[in-house]
K.L.:
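My questions will all concern the structure given below.
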Amino acid sequence: MTHEGKNWIDGSWTSGSGESFSSLNPATGEVLWNGCHSTSDDINSAMQAGRNAAEQWAGLPLNQRIEILDAFGAELDQHQDSLARAISEEVGKPYWESKTEVQAMIAKIPTSIDALKERRSPIESPQKFGSAKTWYMPHGIMAVFGPFNFPGHISNGHIIPALLAGNTVVFKPSELTPLVAQKTVELWEAAGLPPGVLNLVQGGRETGVAIVDHPEINGVLFTGSVPAGIAISKALAARPEVLLALELGGNNALIVDQVHDLDAAVYTVIQSAYVTSGQRCTCARRLILPDGNQKILDRLIEVIPTLTVGACGDDPEPFMGPLVSSSAVDQVLQQQSHLKSIGGKILVEARRLPNGPAFISPGVIDVTDIAERPDEEIFGPLLQVVRTSSFDEAIAEANRTRFGLVAGLISDDSSRYELFQRRIRSGLVNWNRPTTGASGRLPFGGVGLSGNHRPAGFFMIDSCNIPVASLSAPVLELPDQLLPGVEL
């Protein structure tokens, strides 16, 4: 069944006024959603709706905003199954994984409330003249740009704190996942969110450009590719008054050294490199092996071909689904061919599978002998192996990147981890846990090209409001002593 594509502006469902586009089930090619790109007129309407609703929404007592967020959480809980199936169908994720995404969306609500109270509560101290106080005010209209790989969770992770802090939101999801966005906003509508507080505008790059360029925007929360993030930064270079928070992925390293349980290590590598078919910004892209660690590599190569790849409706459920599109598979295979052409040795070849044009098998390639290894994010199930002569060299290799989102160490030696912690340049640092493991109660963001020092996760609330310093005196009166040179 194809869903009719809609925008949600000022509490009403409307069609975009631009050219039509569709989203497809990458496993089957079925059209899931058909609608129109939003134009500048649509963006203007969304911005006006957000502006009209801003004062009343920000003026609501916090407990009333929380009540609406809790009502949305109840809607998510009631519709977990249908939303998870929409994620599976539109992204290609196995159903077991999509269910965990919806559960993370539900958990984001109480976590964000805790973050607001812990990190952004007003502080007041008495002074001789009255009081000194720090309090927080919303930015106004925040733009949220959602990625395709977590169309529910990551978008939700920006929208919830933004609304909680008293902002209104213009939400543009990825053009690859408009159905999940529409279904999510339908739940906001059912929760009783007032008109204009959240406005959904569907569309692609030109829609995004129109949002960023709009004079009414007060902040941009973006998760996506480095080129897109840089383009947004350039567009806002002359507008320092617009807050910009970027999360841009990484060329993440995972070191394995001095570990006894080979299968536990291999399982952690598999979770790090291949979950979500390698389409997580936290996926390990580089497996670094000091002193060879050949046993680990041999076991990994033995296990990888046993990983099941299939569609979300398969029984039993697969570990991996398809990539989001056939062109995404083309990109991974091209990158594999390029690495091979410059000296890489394929250990397990990533191949297009007969299941359909968006299916690909997981691969491993040894890039140790490539003198100038490309420093880029391969957004798919292709793991690069780098052998080093020592643990010190392994850390240096892990840091040999312009990115710095996540780095991991698998080792039984705690002294190794202490050294790793001190030397690694990364926003997330894990020990004996998958690189794809993250907690909603911790900050989420990286250094280098992985972001702009405005982490999401528990710290997302910091980007959603403005600290205000106030000195207050209940009575205006002259001081006991005037400044020199002043006579009254």
Side-chain angles (χ1 to χ4, degrees), residues 50-73 107-144 157-169 193-194 196-198 216-221 239-245 427 439-445 447 451-488:
R51 184 62 63 203
N52 291 342
E55 183 174 352
Q56 185 174 359
W57 178 249
L60 276 183
L62 177 60
N63 68 304
Q64 292 186 28
R65 293 202 297 272
I66 289 174
E67 286 176 4
I68 294 174
L69 266 60
D70 285 340
F72 172 64
K108 185 65 182 178
I109 296 169
T111 301
S112 296
I113 294 168
D114 288 346
L116 180 72
K117 293 177 180 178
E118 290 181 24
R119 299 186 58 78
R120 312 300 271 190
S121 288
I123 302 172
E124 186 170 3
S125 59
Q127 304 291 325
K128 288 180 64 176
F129 55 78
S131 67
K133 184 176 181 180
T134 301
W135 52 281
Y136 300 89
M137 66 178 179
H139 292 280
I141 304 176
M142 304 289 287
V144 171
H158 288 163
I159 292 170
I160 292 291
L163 295 182
L164 183 64
N167 301 282
T168 58
V169 170
L193 189 69
V197 174
L198 173 62
E216 289 279 352
I217 207 71
N218 300 114
V220 175
L221 308 178
R239 298 171 65 191
E241 74 278 8
V242 179
L243 179 134
L244 176 60
S439 168
R441 300 201 65 84
L442 298 176
F444 185 92
V447 299
N452 66 336
H453 311 289
R454 293 189 178 276
F458 200 71
F459 283 34
M460 187 73 255
I461 194 68
D462 297 3
S463 294
C464 294
N465 52 25
I466 304 166
V468 180
S470 293
L471 301 178
S472 302
V475 177
L476 178 63
E477 58 186 2
L478 284 173
D480 294 336
Q481 184 173 351
L482 302 182
L483 293 174
V486 179
E487 294 184 7
L488 293 175

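This one's a predicted model, so the numbers in the text were calculated from it and none came from an experiment.
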K.L.:
If we only count heavy atoms from C-beta on, is the F444 to P455 side-chain gap below 4.5 Å?
P.N.:
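They are not in contact (no side-chain heavy atoms under 4.5 Å apart), so the answer is no.
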K.L.:
Give a yes or no answer on whether the side chain of N218 reaches the backbone of V242 with a donor-acceptor pair at less than 3.5 Å.
P.N.:
no
K.L.:
Could you walk me through whether R441 and D114 satisfy the side chain to side chain contact (heavy atoms under 4.5 Å, CB included) test, starting with their C-alpha distance in whole Å, then the side-chain angles of each, then the deciding distance to 0.1 Å, before giving a yes or no?
P.N.:
CA-CA 9 Å; R441 300 201 65 84; D114 288 346; 3.2 Å; yes
K.L.:
Return the CD1 to CD1 distance between I109 and I68, rounded to the nearest 0.5 Å.
P.N.:
12.0 Å
K.L.:
Kindly confirm or rule out a cation-pi arrangement of R119 over F459, judged by NZ or CZ under 6.0 Å from the six-membered ring centre and within 45° of its axis?
P.N.:
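Positive - R119 is close enough to the ring of F459 and near enough to its axis.
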K.L.:
Considering residues at least two apart in sequence or located in another chain, which fulfil the side-chain hydrogen bond (donor to acceptor under 3.5 Å, both in side chains) criterion with S121?
P.N.:
none
K.L.:
For V169 and A162, work out which heavy atoms get closest and say how close.
P.N.:
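Scanning both residues, the minimum pair turns out to be CG2-CB, 3.8 Å.
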K.L.:
Is a side-chain donor or acceptor of N452 paired with a backbone partner of L244 at a separation under 3.5 angstrom?
P.N.:
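Such a contact is found between N452 side chain and L244 backbone.
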K.L.:
Could you pull out the closest heavy-atom pair between F129 and S472, with the gap in Å?
P.N.:
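For F129 versus S472, the nearest heavy atoms are CD1-O, 3.4 Å.
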K.L.:
Starting at CD of E124, measure out to OG of S470 and round the result to the nearest 0.5 Å.
P.N.:
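Between atom CD of E124 and atom OG of S470 there are 9.5 Å.
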K.L.:
Measuring from atom CD1 of I113 to atom CG of D70, what distance do you get when rounded to the nearest 0.5 angstrom?
P.N.:
5.0 Å
K.L.:
Any donor and acceptor pair, going by atom type alone, linking the side chain of H158 with main-chain N or O of A456 inside 3.5 Å?
P.N.:
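Checked: no pair found.
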K.L.:
For P474 versus G130, what's the shortest heavy-atom pair and its separation?
P.N.:
CD-CA, 4.0 Å
K.L.:
Does a side-chain heavy-atom distance below 4.5 Å link C464 with N167?
P.N.:
yes
K.L.:
So does E118 have more than 12 non-hydrogen atoms from other groups sitting under 6.0 Å from CD?
P.N.:
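Counting other residues, nucleotides and ligands, CD of E118 exceeds 12 neighbours.
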K.L.:
Using the test ring pair (Phe, Tyr, Trp, His ring centres under 6.0 Å), find all partners of F72 that sit at least two apart in sequence or belong to another chain.
P.N.:
W188
K.L.:
Is there a donor-acceptor pair under 3.5 Å between the side chain of R51 and the backbone N or O of E216?
P.N.:
yes
K.L.:
Taking all atoms of both residues into account, what is the closest heavy-atom pair of I461 and A165, and its distance?
P.N.:
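Shortest heavy-atom separation between I461 and A165 comes out as CD1-CB, 4.2 Å.
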K.L.:
Examine distances only and state if a side-chain atom of R120 and a backbone atom of N465 form a donor-acceptor pair shorter than 3.5 Å.
P.N.:
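The answer is yes, because a donor-acceptor pair under 3.5 Å joins these two groups.
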K.L.:
Roughly how far, to the nearest 0.5 Å, is the CD1 atom of I160 from the CG atom of L69?
P.N.:
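Between atom CG of L69 and atom CD1 of I160 there are 4.5 Å.
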K.L.:
Would you say Q127 has more than 12 foreign heavy atoms packed within less than 6.0 Å of its CD?
P.N.:
yes
K.L.:
Looking at every heavy atom in both K133 and P122, which two are closest together, and how far apart are they?
P.N.:
CE-CB, 4.1 Å
K.L.:
Between the main-chain N or O of R65 and the side-chain N or O of W57, is there a donor-acceptor pair closer than 3.5 Å?
P.N.:
no
K.L.:
Determine whether L243 and L221 make a side-chain contact, defined as any pair of heavy atoms from C-beta on separated by less than 4.5 Å.
P.N.:
yes
K.L.:
Please evaluate residues L62 and L116 with respect to the criterion side chain to side chain contact (heavy atoms under 4.5 Å, CB included), reporting the C-alpha separation (whole Å), side-chain torsions for both, the decisive distance (0.1 Å), and the verdict.
P.N.:
CA-CA 10 Å; L62 177 60; L116 180 72; 3.7 Å; yes
K.L.:
Do you know the tightest heavy-atom contact between K108 and F458?
P.N.:
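Heavy-atom minimum between the residues: NZ-N, 4.5 Å.
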